Amino acid sequence: AGPGDVAGRFQWWLRRLGAGGEVLAPGRPDAPVQVVDARDLGAWISRMVEGGGSGTYNAAGCDVPLTMRALLEAARAVAGSDARLTWVGDAFLLERGLNPWVELPFWERPEEYGTHRIDDRRARAAGLVFRPLLQTLRDVAAEGPLPVPALPVGITSEREAELLRAWHAHAAGHAPEEALAGAAA
């Protein structure tokens, strides 16, 4: 992640949360997330090369555990938004065909949560340091809009509203299809 990230995942969340209102927050709030700022990774690799270091390392995360809730709340703070997060369950989203990582960046299928639990202690012991998440988010926000990513990132506002209506109907004990039919009327 970081400035110049053409994948657009941080940018999408910053734009979406900055727009305010009710925001579909995917999966479990406590789902692990690992993010490394490309500037930190690049600086560490340069130091390793200059120092003659070599080996196999996992350079995957931050020096403190990060959750999806913490990521979204940090992005909301940087966006200066009053957005309200509505946590929508994994199964509900998957049943409706949502594509993890693409339509809701950083969201993973529950069976993939382990991919965000990569042990990077060896890299940290070899000098990898991480800037604070808020700094990375602020720097991304400060760079302004980036070119449209090669692959689409994030769901449309219409799709998000449709899913939130269905989720609220589901939570209230109604069939999601009934909520969608009522919304279309």
Side-chain angles (χ1 to χ4, degrees), residues 1-48 57-90 93 98-110 112-149 151-155 160:
D5 177 8
V6 295
R9 291 180 292 265
F10 268 18
Q11 293 88 343
W12 187 83
W13 278 116
L14 286 165
R15 277 194 309 273
R16 176 57 198 98
L17 290 160
E22 184 180 21
V23 174
L24 190 157
R28 294 188 346 235
D30 66 341
V33 175
Q34 286 181 303
V35 176
V36 61
D37 190 303
R39 297 169 295 178
D40 297 334
L41 187 58
W44 176 67
I45 290 170
S46 293
R47 287 191 307 273
M48 290 290 288
Y57 297 89
N58 292 320
C62 359
D63 48 4
V64 295
L66 179 64
T67 64
M68 191 67 166
R69 177 190 305 276
L71 173 66
L72 296 184
E73 287 180 353
R76 179 175 54 189
V78 168
S81 174
D82 63 352
R84 298 173 319 282
L85 300 175
T86 297
W87 292 96
V88 177
D90 293 308
L93 296 172
L98 263 77
N99 188 357
W101 273 99
V102 174
E103 292 181 288
L104 292 165
F106 299 103
W107 171 56
E108 295 183 302
R109 288 177 173 82
E112 296 171 345
Y113 281 164
T115 62
H116 279 284
R117 290 191 174 126
I118 296 172
D119 184 350
D120 63 0
R121 287 179 290 187
R122 186 166 184 248
R124 286 186 283 133
L128 177 60
V129 293
F130 305 98
R131 71 191 68 219
L133 174 64
L134 283 172
Q135 182 182 350
T136 299
L137 284 163
R138 284 184 191 117
D139 293 347
V140 168
E143 75 178 337
L146 290 176
V148 175
L151 297 173
V153 174
I155 58 175
E160 180 185 26

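It should be emphasised that the depicted structure is a prediction, and the values quoted were computed from it without experimental measurement.
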Quick check: does any side chain N or O of [X] sit under 3.5 Å from a backbone N or O of [Y], one acting as donor and the other as acceptor?
| X | Y | result |
| --- | --- | --- |
| Q11 | D5 | yes |
| R16 | G20 | yes |
| R47 | G127 | yes |
| N58 | A60 | no |
| D40 | R131 | yes |
| E160 | L24 | yes |
| E143 | G4 | yes |
| R76 | A83 | yes |

Any side-chain heavy-atom pair of L72 and W87 under 4.5 Å: yes

Worked verdict on D139 versus R39 for side chain to side chain contact (heavy atoms under 4.5 Å, CB included): CA-CA 11 Å; D139 293 347; R39 297 169 295 178; 2.9 Å; yes

Atom of [X], atom of [Y] and distance for their closest heavy-atom approach:
| X | Y | result |
| --- | --- | --- |
| W12 | V153 | CD1-O, 3.4 Å |
| L128 | A59 | CD2-CB, 3.7 Å |
| A141 | V78 | CB-CG1, 4.0 Å |
| W107 | M68 | N-CE, 3.9 Å |
| G2 | V140 | C-CG2, 3.5 Å |
| L14 | A79 | O-CB, 3.8 Å |

Under the salt bridge (charged side-chain N to carboxylate O under 4.0 Å, His left out) test, residues paired with E103 that sit two or more places apart: none

Test salt bridge (charged side-chain N to carboxylate O under 4.0 Å, His left out) applied to R69 - qualifying residues, sequence neighbours left out: E73

From [atom1] ([X]) to [atom2] ([Y]), nearest 0.5 Å:
| X | Y | atom1 | atom2 | answer |
| --- | --- | --- | --- | --- |
| I45 | Y57 | CD1 | OH | 11.5 Å |
| L98 | R109 | CG | CZ | 10.0 Å |
| S46 | L41 | OG | CG | 9.5 Å |
| I155 | L104 | CD1 | CG | 4.5 Å |
| D90 | R28 | CG | CZ | 7.0 Å |

Side-chain donor-acceptor pairs under 3.5 Å in residues 118-126, sequence neighbours left out?
unit_1 : atom_1 : unit_2 : atom_2 : d
D119   : OD1    : R121   : N      : 3.0
D119   : OD1    : R121   : NE     : 3.0
D119   : OD2    : R121   : NE     : 3.2
D119   : OD2    : R121   : NH2    : 2.5
D120   : OD1    : R124   : NE     : 3.0
D120   : OD1    : R124   : NH2    : 3.3
D120   : OD2    : G61    : N      : 3.2
R122   : NH1    : T56    : O      : 2.2

Derivation of the side chain to side chain contact (heavy atoms under 4.5 Å, CB included) call for F10 and L133: CA-CA 11 Å; F10 268 18; L133 174 64; 3.8 Å; yes

W13/F106 aromatic ring centres below 6.0 Å: no

Test item: side-chain donor near acceptor, D37 and T136, under 3.5 Å: yes

